[in-house]
Amino acid sequence: MKALVTGAAREGGIGRAIVARLGAEGMDVVTLDVEPGCTFQVDVVDGELPELGDIDVLVCNAALTTMFGAAHTFRMDRWQRDLDVNLTGTFRVVQACLPGMRERRFGRIVVISSTAALHGLPAQVSYSTTKAGLLGLVKTVAAENVALGITVNAVLPGMTASSGVLSMPPDIVDAWVRLMPTGELVATEDIADAVAFFARAEAGKVTGQQLAVDGGAALNTRSVTSSAARAS
């Protein structure tokens with residue numbers, strides 16, 4: 001199978017981990033990013049996309065994560081940029097791959113959303129909104145193509161030890177780690193493993209689903225009992 005992973009240029013990023021995992025599954029993997037170092041250097045927003053009719057597995061990972069600001073003061077240009085990249089850019093690539101998949105009556109599309117889509121994320125209103133919008137895209141495209149052998153699913157990473165997160169100030173990273181029930185961030189390889197499951201030919205009956213990989217961060221791990229009592 002031939003796979004395309006977008007947003008795969010950054011060393012230590014989720015995209016790179018996905019490329020390695022799909023390659024280990026025996027797939028022929030090509031990559032696309034606005035930055036150099038990939039098979040195709042293209043801006044998903046308005047660049048001319050290459051011919052993608054032969055793509056069997058599409059992983060939409062390209063996204064911005066750096067637009068910060070509270071909703072009441074958030075700049076509209078920042079809001080629009082997130083929508084352009086995270087939503088419109090993703091849709092453009094999905095749309096470019098669908099005709100070939102529909103003709104062959106086979107396809108696997110995996111969209112990288114975020115747990116912020118489910119819970120929100122203060123100071124990142126546009127990011128949370130776009131990642132939630134991707135879940136609507138997944139459900140709709142899955143419904144339109146379920147009878148044609150094409151599955152569409154979403155992986156929702158929690159706080160992940162990607163190069164972007166690890167480049168944050170140490171006190172911020174440490175604060176996130178303290179919030180994790182396991183005491184550690186999610187690994188990029190954990191996200192790649194989830195993607196690999198959805199991408200397999202054998203996962204043909206799994207579509208329109210969302211899988212959060214967050215290390216249990218969304219769980220309520222508080223208890224009225226003492227830690228000693230819980231351990232006994």
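Values below: every heavy atom of this structure, side chains too, minus hydrogens, waters and symmetry copies. This structure is a prediction, so every number in the text was calculated from the model and none was measured.
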Original post:
Counting only heavy atoms not in F40, do more than 12 fall under 6.0 Å of its CZ?
Top reply: yes

Original post:
Side chain of D214, backbone of T115: donor and acceptor closer than 3.5 Å?
Top reply: no

**OP:** Indicate the atoms forming the closest heavy-atom contact of Q41 with V34, along with that distance.
**Re:** NE2-O, 3.2 Å

Subject >> Spacing of F198 atom CZ and T207 atom OG1 [to the nearest 0.5 Å] >> reply: 9.0 Å

**OP:** Work out which heavy atom in I55 is nearest to a heavy atom in R104; give both atom names and the distance.
**Re:** O-NH2, 2.8 Å

**OP:** Please name the pair of heavy atoms, one in V138 and one in V152, separated by the smallest distance, quoted to 0.1 Å.
**Re:** CG1-O, 3.5 Å

**OP:** Count the heavy atoms of every other residue, nucleotide or ligand shown that sit under 6.0 Å from CD of Q80, and state whether that count exceeds 12.
**Re:** yes

Original post:
Got T151 and V206 here, is their nearest side-chain heavy-atom distance under 4.5 Å?
Top reply: no

Original post:
If you measure from the Lys or Arg side-chain nitrogens to the Asp or Glu carboxylate oxygens, is any gap between R10 and D33 under 4.0 Å?
Top reply: no

Original post:
Do you know which two heavy atoms are closest between F106 and I150, and how far apart they sit?
Top reply: C-CG1, 4.0 Å

Original post:
Looking at side-chain heavy atoms only, is the closest gap between V111 and V141 below 4.5 Å?
Top reply: no

Original post:
Going from CZ on R108 to SG on C97, what distance comes out if it is rounded to the nearest 0.5 angstrom?
Top reply: 14.0 Å

**OP:** State whether the side chain of E51 and the backbone N or O of G53 hold a donor-acceptor pair below 3.5 Å, judged by distance alone.
**Re:** yes

Subject >> Polar side-chain atom of T130 near backbone of L87 as donor-acceptor pair, under 3.5 Å >> reply: no

**OP:** Taking only Lys NZ, Arg NE, NH1 and NH2, and the carboxylate oxygens of Asp or Glu, determine whether R21 and D193 approach each other closer than 4.0 Å.
**Re:** yes

Subject >> Donor-acceptor under 3.5 Å (D56 side chain, M1 main chain) >> reply: no

Subject >> Side-chain donor/acceptor of R92 to backbone N/O of G47, under 3.5 Å >> reply: yes

Subject >> Under 3.5 Å: donor-acceptor pair, side chain of Q124, backbone of F68 >> reply: no

Original post:
With a 4.5 Å limit on heavy-atom distance, are the side chains of R81 and V45 in contact?
Top reply: yes

Original post:
Distance-only, no hydrogens or angles: does the T39 side chain make a donor-acceptor pair with backbone N or O of V30 under 3.5 Å?
Top reply: no

Original post:
Side chains of V5 and L32: closer than 4.5 Å at any heavy-atom pair?
Top reply: no

Original post:
Charged N to carboxylate O below 4.0 Å: is that the case for E11 and R16?
Top reply: yes

Subject >> 4.5 Å side-chain heavy-atom contact, L58 and V110 >> reply: no

Original post:
Can you tell if the side chain of I112 reaches within under 4.5 Å of the side chain of C60, non-hydrogen atoms only?
Top reply: no

Subject >> Spatial distance of atom OG1 (T66) from atom CG (D82) [nearest 0.5 Å] >> reply: 7.5 Å

Original post:
Ion pair present between D54 and K2, side-chain N to carboxylate O less than 4.0 angstrom?
Top reply: yes

**OP:** Would you confirm whether N153, through its side chain, and Q210, through its main-chain N or O, come within 3.5 Å as a donor-acceptor pair?
**Re:** no

Original post:
Could you go step by step and tell me if T88 and L83 meet the side-chain contact (heavy atoms from CB on, under 4.5 Å) rule?
Top reply: CA-CA 6 Å; T88 301; L83 264 64; 5.6 Å; no

Original post:
Just by distance, do the side chain of S128 and the backbone of L121 share a donor-acceptor pair under 3.5 Å?
Top reply: yes

**OP:** With the side chain counted from C-beta on, respond yes when V57 and L4 share a heavy-atom pair under 4.5 Å apart, and no when they do not.
**Re:** no

Subject >> Between CD1 on residue I109 and CG on residue N145, distance to nearest 0.5 Å >> reply: 7.0 Å

Subject >> Donor-acceptor contact present, side-chain K139 to main-chain Q209, <3.5 Å >> reply: no

Original post:
How many angstroms lie between CD in E48 and CG in D46, if you round to the nearest 0.5 Å?
Top reply: 11.5 Å

Subject >> Pairwise distance CG(L134) to OG(S113) - rounded to 0.5 angstrom >> reply: 5.5 Å

**OP:** Kindly give the heavy-atom pair with the smallest separation between L135 and A117, and that separation in Å.
**Re:** CD1-CB, 4.0 Å

Original post:
How close do V42 and P50 get, heavy atom to heavy atom, and via which atoms?
Top reply: CG2-CD, 4.3 Å

